[in-house]
Asker: 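I'd like to ask some things about the structure below.
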Amino acid sequence: MLKYVLLSAGLLIGVCASAQNVPDVPKVEIPVGFSFVNVHPDVAPLVTGFNVFGGGGQFNVNFGNYFGVKADFMGYAKGSGLSNQLRNNLDYTDSTRGNMFTYMFGPQIKKHTGKIQPFGEVLFGAAHTDTYATITNALGLGSGSGNNNGFAMAAGGGIDFKINRNFSLRPVQVDYLLTRFSVDHWGGYPNYQNNFRYLGGLVFTFGGTPPPTPTASCSVSPTEIMAGDPVSATVTTQNFNPKRPITYTWTSTGGHVTGTTETASVATAGLSPGSYTVSVTATDERQRNNNPASCSASFTVKQPLPPTASCSASPTTVKAGESSTVTVSAQSPDGTQLTYAFAATAGRISGTGTSATLDTTGAPAGSSITTTATVTNVHGLTATCEAAVNVAPLPPPEVVQETTNVGECSFNNSTKPGRVDNECKATLDQVALLIQKEPNNTFVIVGFAEDEETVKMTQLAGQRAVNVKYYFTEGEGGQQIDPSRFQVKTGSEKSRKIRIYRVPPGAKVPEEVIAVDETQVQGQSRNAPARRHHKTAAAPSDSPATQQ
């Protein structure tokens, strides 16, 4: 028997050393209580079976969720069954013994969840009894040994009712109990015995880690909003039983929260700027202990900020009746949508979005029009900017001065009909002073000739005008006036004169005149000798002619 005990005890010690703490599974179980065995020595018809009563305890070390290794120690005292059968069948009236002790070890499989926890076991070990010594004496086979030791095995199972983490009730455990006691000297009787065992009592449990506490973690998105923007809240739970439903209860310190699942939404319309908290409680309605789990997350309603804006106009200066484009560059610090409105102190302005057109029709010339843009965000906050558009003044009225006759002189020398004589020279010197004082005016020299003169000299009128110009620009008078200030022309008047007109910008000579081609008619000095010319056929008015 000792070898069985030592072998099983060694197995139990090894398993205990390697046992691990599994959540909600006790590390050690110690059942104690009442037991009886229905013993079958199979010595029929003398002794068929009888009950022995007693009890004891067990020691079970769990390894993992289901597996454990058990040590079983039970002791039993005889009942009246053995004495009655020996007295009735053999008239044996001596004192009888029928005690039995079992020492067994082996694996146990048990469900450790829920209130009802069934289990099964197979145990191996040894048994000790003095029953067979008593039967030997009763049969007259000699004086039996005081005790017998033999192999024992139990296979069976039972049910535990869990009261709490440290205490359970075991109403029933039944086993098939096999013992093997050597009784060969009886002759014809078996050496093994098939017995029935019942146990019941209490189970004390120790060690093991409690089930992890359910937890919850919350988050919100977005974490910063403007009042009226939606907020989404989410909860993630851990350590709840995944096979059972969870009830979610959401609350919020601001806004209206809706949702009964892992997600909820918060309506934030009307919330003042500040921080608000969304909370949720997750509950497993079927779990009484270690329940529920809660968490919270915060979001912030930001203070709304006004937009910013700047304006520009293009072009900035227009004539009355023309248009200018006004453009707004605006930003919203909150990223909200913006609307635009325009106004002007004069004219008409119209447009949508970030630009408008200013029509200056009706605006006074020389005035400045102020255009104003008002930018508004969704919170009603505004920003304004201005741009000025100038209406150009009307140009001053153009004053057209009249052409003035500033001097005339006659050409009466028949020998030199184109010569500037002394009388004409005095007149021209006076005109030269006037010309030098008026640098912005143009002077037109118009030459004339009588018909009988042009018979002999076709370009005489032009020659007289060119000679006067020559006097002003290169002649002996020394005035050296810029030639570009003079125009030389011929007129239709029949006379031996030249006439000098002052012609302001925009004015005209008050008579019909023809320009002289100065490449064909060149100026002559007053001292130039007279030259004779033969009469030629009449030439076109713009062709060169004989000059004196």
Asker: For the atom pair CE (Met153) and CG (Leu123), what is the distance rounded to the nearest 0.5 Å?
Answerer: 9.5 Å
Asker: Does the side chain of Thr258 come under 3.5 Å of the side chain of Ser265 through a donor N or O and an acceptor N or O?
Answerer: yes
Asker: Of all the heavy-atom pairs spanning Thr357 and Ser323, show the shortest one and how long it is.
Answerer: CG2-CB, 4.0 Å
Asker: About how many Å separate OH of Tyr103 and CE of Met74, when rounded to the nearest 0.5 Å?
Answerer: 12.5 Å
Asker: Under 4.5 Å between any side-chain heavy atoms of Val280 and Val278, yes or no?
Answerer: no
Asker: Is the backbone of Thr261 close enough, under 3.5 Å, to the side chain of Trp250 for a donor and an acceptor to pair up by distance?
Answerer: yes
Asker: Would the distance check show the side chain of Thr253 and the main-chain N or O of Thr277 forming a donor-acceptor pair, the cut-off being under 3.5 Å?
Answerer: yes
Asker: Measuring from atom CZ of Phe73 to atom CZ of Phe101, what distance do you get when rounded to the nearest 0.5 angstrom?
Answerer: 13.5 Å
Asker: May I ask you to check whether over 12 heavy atoms, not counting those of Lys302, lie within 6.0 Å of atom NZ?
Answerer: yes
Asker: Between His112 (side chain) and Asn65 (backbone), is there a donor-acceptor pair under 3.5 Å?
Answerer: yes
Asker: Quick check against the 3.5 Å criterion: does Ser35 have a side-chain atom that pairs as donor or acceptor with the backbone of Tyr198?
Answerer: yes
Asker: Donor-acceptor check, side chain of Thr268 to backbone of Gly228, threshold 3.5 angstrom: yes or no?
Answerer: yes
Asker: List the residues meeting side-chain hydrogen bond (donor to acceptor under 3.5 Å, both in side chains) with Thr339, not counting sequence neighbours, and say none if there are none.
Answerer: none
Asker: Any side-chain heavy atom of Val391 within less than 4.5 Å of one from Pro364?
Answerer: no
Asker: Could you check Leu271, Val301, Val220 and say which one makes a side-chain contact (heavy atoms from CB on, under 4.5 Å) with Val231?
Answerer: Val220
Asker: Is there side-chain contact between Arg197 and Asp72, with heavy atoms separated by less than 4.5 Å?
Answerer: yes
Asker: Quick check: does any side chain N or O of Asn239 sit under 3.5 Å from a backbone N or O of Thr213, one acting as donor and the other as acceptor?
Answerer: yes
Asker: Carefully, step by step, assess Val375 and Thr384 under the rule side-chain contact (heavy atoms from CB on, under 4.5 Å).
Answerer: CA-CA 6 Å; Val375 183; Thr384 60; over 6 Å; no
Asker: Checking side-chain polar atoms at under 3.5 Å, does His128 have a donor or acceptor matched by the opposite partner on Asn149?
Answerer: yes
Asker: Is there a side-chain contact between Cys218 and Ser296 (heavy atoms, below 4.5 Å)?
Answerer: no
Asker: Distance-only, no hydrogens or angles: does the Asn390 side chain make a donor-acceptor pair with backbone N or O of Ala392 under 3.5 Å?
Answerer: no
Asker: Determine, step by step, whether Ser324 and Thr360 satisfy the side-chain contact (heavy atoms from CB on, under 4.5 Å) criterion, reporting the C-alpha distance in whole Å, the side-chain angles of both residues, the deciding distance to 0.1 Å, and the verdict.
Answerer: CA-CA 8 Å; Ser324 177; Thr360 62; 5.8 Å; no
Asker: Starting at CG of Asp175, measure out to CG of Leu199 and round the result to the nearest 0.5 Å.
Answerer: 6.0 Å
Asker: Might you point out which heavy atoms bring Cys311 and Ala387 nearest each other, and give the distance in Å?
Answerer: CB-CB, 4.0 Å
Asker: For a 4.5 angstrom cut-off between non-hydrogen side-chain atoms, does Pro273 reach Pro304?
Answerer: yes
Asker: Ignoring hydrogens, what is the shortest heavy-atom contact between Leu169 and Gly201? Give both atom names and the distance.
Answerer: CD1-O, 3.6 Å
Asker: Not counting sequence neighbours, list each pair that qualifies as a salt bridge (charged side-chain N to carboxylate O under 4.0 Å, His left out) and has a residue in residues 158-171.
Answerer: Asp24-Lys162, Lys110-Asp160, Asp160-Arg170
Asker: Looking only at heavy atoms, which two atoms of Cys295 and Ser217 are closest? And how far apart?
Answerer: SG-C, 3.5 Å
Asker: Report yes if the side chains of Phe67 and Ile109 come closer than 4.5 Å at any heavy-atom pair, otherwise no.
Answerer: yes
Asker: Name all residues meeting the salt bridge (charged side-chain N to carboxylate O under 4.0 Å, His left out) criterion together with Arg244; count only those two or more places apart in sequence or in a different chain, and write none if there are none.
Answerer: Asp284
Asker: Is there any salt bridge (charged side-chain N to carboxylate O under 4.0 Å, His left out) pair reaching into residues 358-380, and which pairs are they, with sequence neighbours excluded?
Answerer: Arg348-Asp359
Asker: How about Ser355 and Thr327: does a side-chain donor come under 3.5 Å of a side-chain acceptor?
Answerer: no
Asker: When you measure from the side chain of Asn377 to the backbone N and O of Leu305, does any donor-acceptor pair fall under 3.5 Å?
Answerer: yes
Asker: Please examine the side chains of Met100 and Leu177, heavy atoms only from C-beta on, and report whether any two atoms are closer than 4.5 Å.
Answerer: yes
Asker: How many angstroms lie between atom CD of Glu29 and atom CD of Gln58, to the nearest 0.5 angstrom?
Answerer: 9.5 Å
Asker: Aromatic ring centroids of Phe119 and Tyr66 under 6.0 Å?
Answerer: no
Asker: Going by heavy atoms in the side chains, are Thr371 and Phe342 under 4.5 Å from each other?
Answerer: no
Asker: Who are the side-chain contact (heavy atoms from CB on, under 4.5 Å) partners of Phe167, not counting sequence neighbours?
Answerer: Ile163, Asn164, Leu202, Phe204
Asker: Name the orientation class of the two ring planes belonging to Phe34 and Phe53 (parallel below 30°, tilted from 30 to 60°, perpendicular beyond 60°).
Answerer: parallel
Asker: Nearest 0.5 Å please: distance from the CD1 atom of Ile225 over to the OG1 atom of Thr300.
Answerer: 8.5 Å
Asker: Verify the distance criterion only: is there a donor paired with an acceptor across the side chains of Gln173 and Glu121 at less than 3.5 Å?
Answerer: yes
Asker: Quick check: closest heavy atoms across Gly259 and Ala264, and the distance to 0.1 Å?
Answerer: CA-CB, 4.1 Å
Asker: When you look at Ile30 and Phe59, which way does the side-chain contact (heavy atoms from CB on, under 4.5 Å) test go after all the steps?
Answerer: CA-CA 5 Å; Ile30 302 178; Phe59 185 86; 3.9 Å; yes
Asker: Using atom types as modelled and distance alone, determine if a side-chain donor or acceptor of Thr376 lies under 3.5 Å from a backbone N or O of Thr382.
Answerer: no
Asker: What I want to check is whether the side chains of Thr354 and Tyr340 have a donor and an acceptor closer together than 3.5 Å.
Answerer: no
Asker: What closest approach, in Å, do Val52 and Phe50 show between heavy atoms, and which atom pair accounts for it?
Answerer: CG1-CE1, 3.7 Å
Asker: Scan residues 295-330 for pairs that pass ring-ring contact (aromatic ring centres under 6.0 Å, His included), counting only residues two or more places apart or in two chains.
Answerer: Tyr276-Phe299
